[in-house]
K.L.:
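This is the structure, below, for whatever I ask next.
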Amino acid sequence: MKHLLSTKELDAATAVGILDVADDMAATQQREVKKLPTLRGKTVVNLFFEDSTRTRISFEAAAKRLSADVISFAAKGSSVSKGESLQDTAQTLEAIGADGIVLRHSSSGAPAVLARSGWVSASIVNAGDGTHEHPTQALLDAFTLRRRLHGDAGRGRDLDGVSVLIVGDILHSRVARSNVWLLATLGAHVTLVGPPTLLPHGIGDWPVTVGTDLDAGIAEGPDAVMMLRVQKERMSDAFFPSAREYAAGWGLNGARFRALPGRTLVMHPGPMNRGFEIASEAADSPQSTVREQVANGVATRMAALYLTLAGGAA
Ligand code: CP
């Protein structure tokens, strides 16, 4: 696998293969010495044009655990502010030896442009592009689901028959899109619920069930509820009347959390707006996988870097 750009382009065997490699990587992280020599001599550049905590630091940890050299680049404070283009920035990074570029960008499709333009020969891993995709987030979410539902017996398995309710700002969410494509490919049943104004045009063609009533979705007793962050930074208009109204209709508050079966997992990609889209009672409960998702991000991103940079087969 040369690049990892989207989950839409992954078939089930490849996706399960990535999750299995992530399982292997997770096992190495239980050892006293966590570092592997796999990417010794390779250089990974984290090229982030948008803010990030989890994705940036877990890619950095993943690359270091594989013994790669890591250069972290934030557009803020760089020559991007002087008007330098993505092409020139990437070519500058390749000139100093980048073998892999982990790219987060506000423009949907920027990683694919970089991978297919011929500007650089480095492997490109999409760390989130606009409202398009966030493939490693979806892979770590699927990895977390598989581990919680099947434990060690999950290896080699897909998510056939698992029901996942994804709630909130679907319109602006690259996490939702990557999860929809990946979960559907892995055999899960996905239901999307949000305010009518935050459901994208064309959603009827997605491999999901769509609704606007969160309480009805909760009453179905899904295996997992994935709450999405409301992405105010991508909203040029008022998509809902008030924060209070949004929370009343589509927030996982204490009462809704208590209405869920005890086996239902509560997921959130972070960062969370506590008290708005998710109550602390839900986020901090034993049913919550929020911190596990972050921890599993390191193993999943180790798998992504190994498969793209060491030429491994998923
Ligand atoms: N989930 C996620 O992408 O978080 P960051 O924006 O902090 O990387």
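Values in this document were obtained by computation on a predicted structure and should not be read as measured data.
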K.L.:
Test of understanding: with salt bridge (Lys or Arg N to Asp or Glu O under 4.0 Å), list the residues that count as partners of Arg258, not counting sequence neighbours.
P.N.:
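Salt bridge (Lys or Arg N to Asp or Glu O under 4.0 Å) list for Arg258, sorted by chain: Glu281.
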K.L.:
Are Glu60 and Ser72 linked by a side-chain donor-acceptor pair shorter than 3.5 Å?
P.N.:
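Yes - a donor-acceptor pair under 3.5 Å links their side chains.
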K.L.:
For the residue pair Leu183 and Ile166, what are the closest heavy atoms and their distance?
P.N.:
CD1-CD1, 4.3 Å
K.L.:
Are the side chains of Val125 and Met1 in contact, using a 4.5 Å heavy-atom criterion?
P.N.:
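Heavy-atom side-chain distance check fails, nothing below 4.5 Å.
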K.L.:
Please report the closest heavy-atom contact between Tyr246 and Pro195, naming both atoms and the distance.
P.N.:
CE1-CG, 3.8 Å
K.L.:
Not counting sequence neighbours, which residues clear ring pair (Phe, Tyr, Trp, His ring centres under 6.0 Å) with Phe257? List them please.
P.N.:
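Phe257 satisfies ring pair (Phe, Tyr, Trp, His ring centres under 6.0 Å) with no residue once adjacent residues are dropped.
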K.L.:
Does Ala216 offer a backbone N or O that forms a donor-acceptor pair with the side chain of Asp213 under 3.5 Å?
P.N.:
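Judged by distance alone, yes, a pair lies under 3.5 Å.
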K.L.:
Quick one: name the residues clustered hydrophobically with Ile124, using the 4.5 Å side-chain heavy-atom rule over I, L, V, M, F, W, Y, and just say none if it's on its own.
P.N.:
Leu5, Val45, Leu47, Phe49, Ile71, Phe73, Val80, Leu86, Leu93, Ile96, Ile101, Leu103, Val113, Leu114, Trp119, Val120
K.L.:
What I want to find out is whether Asp129 reaches Arg174 closely enough, with some N-O distance under 4.0 Å, to be called a salt bridge.
P.N.:
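No, this pair does not count.
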K.L.:
With sequence neighbours excluded, tell me which residues meet ring pair (Phe, Tyr, Trp, His ring centres under 6.0 Å) with Phe48.
P.N.:
none
K.L.:
What pairs of residues pass the salt bridge (Lys or Arg N to Asp or Glu O under 4.0 Å) test when at least one of them lies in residues 77-106, not counting sequence neighbours?
P.N.:
none
K.L.:
To the closest 0.5 Å, what do you measure between CG (Asn179) and OG1 (Thr7)?
P.N.:
7.5 Å
K.L.:
Do you reckon Leu145 sits in the same ILVMFWY cluster as Leu140, going by side-chain contacts under 4.5 Å, direct or chained?
P.N.:
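Shared cluster, no.
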K.L.:
Run the numbers on Ile18 and Phe143 for side-chain contact (heavy atoms from CB on, under 4.5 Å), then give the verdict.
P.N.:
CA-CA 9 Å; Ile18 296 171; Phe143 180 83; over 6 Å; no
K.L.:
Filter on salt bridge (Lys or Arg N to Asp or Glu O under 4.0 Å), then keep only pairs touching residues 133-147, sequence neighbours left out; what's left?
P.N.:
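Only Asp20-Arg146, Asp23-Arg146, Asp23-Arg147 qualify under salt bridge (Lys or Arg N to Asp or Glu O under 4.0 Å).
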K.L.:
So, Arg229 and Asp169, do they make that salt bridge, N to O below 4.0 Å?
P.N.:
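Between Asp169 and Arg229 there is no salt bridge, as every charged N stays at least 4.0 Å from the carboxylate O atoms.
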K.L.:
Nearest 0.5 angstrom please: Met226 CE to His268 NE2, how far?
P.N.:
10.5 Å
K.L.:
According to the side-chain hydrogen bond (donor to acceptor under 3.5 Å, both in side chains) rule, which pairs have a member within residues 27-48, sequence neighbours left out?
P.N.:
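Matches after skipping sequence neighbours: Gln29-Arg65.
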K.L.:
Nearest 0.5 Å, please: how far is CG in Leu192 from CZ in Arg177?
P.N.:
10.0 Å
K.L.:
Taking all heavy atoms of Gly297 and all of Ser58, pick out the closest pair and write down the distance.
P.N.:
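Shortest heavy-atom separation between Gly297 and Ser58 comes out as C-CB, 4.3 Å.
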K.L.:
When you measure from the side chain of Ser163 to the backbone of Pro222, do you find a donor-acceptor pair of N or O atoms at a distance under 3.5 Å?
P.N.:
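Side chain of Ser163 to backbone of Pro222, a donor-acceptor pair under 3.5 Å: no, none is there.
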K.L.:
Using modelled atom types and a 3.5 Å cut-off, is there a donor and acceptor pairing between side-chain atoms of Arg54 and backbone atoms of Ala295?
P.N.:
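Here the side-chain-to-backbone pair does not exist.
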K.L.:
Check for me, please, whether Val298 and Ile57 land in the same ILVMFWY cluster - side-chain distances under 4.5 Å, paths through other members count.
P.N.:
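Different clusters: Val298 never reaches Ile57 through Ile, Leu, Val, Met, Phe, Trp or Tyr contacts under 4.5 Å.
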K.L.:
Kindly give the heavy-atom pair with the smallest separation between Gly275 and Ala247, and that separation in Å.
P.N.:
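The pair with the smallest heavy-atom distance is O-CB, 4.5 Å.
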K.L.:
Before giving the answer on side-chain contact (heavy atoms from CB on, under 4.5 Å), spell out for Asn296 and Thr289 the whole-Å C-alpha distance, their side-chain angles and the decisive distance to 0.1 Å.
P.N.:
CA-CA 10 Å; Asn296 290 337; Thr289 63; over 6 Å; no
K.L.:
Has Ser123 got a side-chain atom pairing as donor or acceptor with Thr308's backbone, closer than 3.5 angstrom?
P.N.:
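Such a contact is found between Ser123 side chain and Thr308 backbone.
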K.L.:
Rounded to the nearest 0.5 Å, how far apart are CZ of Arg256 and CD1 of Ile278?
P.N.:
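Answer rounded to 0.5 Å: 12.5 Å.
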K.L.:
For Arg274, does the CZ atom sit with more than 12 other heavy atoms under 6.0 Å from it, leaving out its own atoms?
P.N.:
yes
K.L.:
With side chain to side chain contact (heavy atoms under 4.5 Å, CB included) as the test, pick out the partner of Leu199 among Val193, Leu171, Thr212.
P.N.:
Thr212
K.L.:
Quick one, Leu186 with Leu19, criterion side-chain contact (heavy atoms from CB on, under 4.5 Å). Give me CA distance, side-chain angles, the key distance, then yes/no.
P.N.:
CA-CA 11 Å; Leu186 291 172; Leu19 299 184; 4.2 Å; yes
K.L.:
Using links of under 4.5 Å between side-chain heavy atoms of ILVMFWY residues, direct or through other members, which residues join Val70 in one cluster?
P.N.:
none
K.L.:
Could you go through the side-chain contact (heavy atoms from CB on, under 4.5 Å) check for Asp51 and Lys76 one step at a time?
P.N.:
CA-CA 9 Å; Asp51 294 343; Lys76 277 178 201 154; 2.7 Å; yes
K.L.:
Is a side-chain donor or acceptor of Ser173 paired with a backbone partner of Ile170 at a separation under 3.5 angstrom?
P.N.:
no
K.L.:
At their closest point, which heavy atom of Ala75 faces which heavy atom of Ser78, and how far apart are they?
P.N.:
O-OG, 2.7 Å
K.L.:
Taking atom CG as the centre, does Asp152 end up with more than 12 heavy-atom neighbours from other residues, nucleotides or ligands that are less than 6.0 angstrom away?
P.N.:
no
K.L.:
Please list all pairs passing the salt bridge (Lys or Arg N to Asp or Glu O under 4.0 Å) test where one or both residues lie in residues 291-303, with sequence neighbours left out.
P.N.:
Arg148-Glu292
K.L.:
Enumerate the residue pairs fulfilling side-chain hydrogen bond (donor to acceptor under 3.5 Å, both in side chains) with a member in residues 196-211, sequence neighbours excluded, ordered by first and then second residue.
P.N.:
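Listed once each, the pairs would be none.
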K.L.:
Heavy atoms, side chains only, cut-off 4.5 Å: are Leu252 and Val167 in contact?
P.N.:
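Of all side-chain heavy-atom pairs linking Val167 with Leu252, none is under 4.5 Å.
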K.L.:
Mark yes or no for whether Gln287, through its side chain, and Val266, through its backbone, hold a donor-acceptor pair below 3.5 Å.
P.N.:
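The answer is no, because no donor-acceptor pair under 3.5 Å joins these two groups.
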K.L.:
So, taking the atom named OG1 in Thr191 and the one named NE2 in His189, what distance separates them when rounded to the nearest 0.5 Å?
P.N.:
9.5 Å
K.L.:
Give the minimum heavy-atom separation between Gly161 and Asp223, together with the two atoms involved.
P.N.:
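Distance-wise, the nearest heavy atoms are O-OD2, 4.1 Å.
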K.L.:
Under 3.5 Å, side chain of Ser81 to main-chain N/O of Gly77, donor-acceptor pair present?
P.N.:
no
K.L.:
Just jot down the side-chain hydrogen bond (donor to acceptor under 3.5 Å, both in side chains) partners of Thr300, sequence neighbours excluded, or say none.
P.N.:
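Listed in chain order: nothing, the list is empty.
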K.L.:
As an exercise, state the distance from NE2 of His3 to CG of Leu307, rounded to the nearest 0.5 Å.
P.N.:
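It comes to 14.0 Å.
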K.L.:
In terms of hydrophobic clusters joined by side-chain contacts under 4.5 Å, are Leu265 and Val294 together?
P.N.:
no
K.L.:
Quick one: which residue pairs count as a salt bridge (Lys or Arg N to Asp or Glu O under 4.0 Å) with a foot in residues 178-194, not counting sequence neighbours?
P.N.:
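Every candidate salt bridge (Lys or Arg N to Asp or Glu O under 4.0 Å) pair involving residues 178-194 fails, so no pair, neighbours aside, qualifies.
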K.L.:
Does the Trp250 side chain pair with the main chain of Glu245, one donor and one acceptor, at a distance under 3.5 Å?
P.N.:
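Flag not set: sc Trp250 to bb Glu245 has no pair under 3.5 Å.
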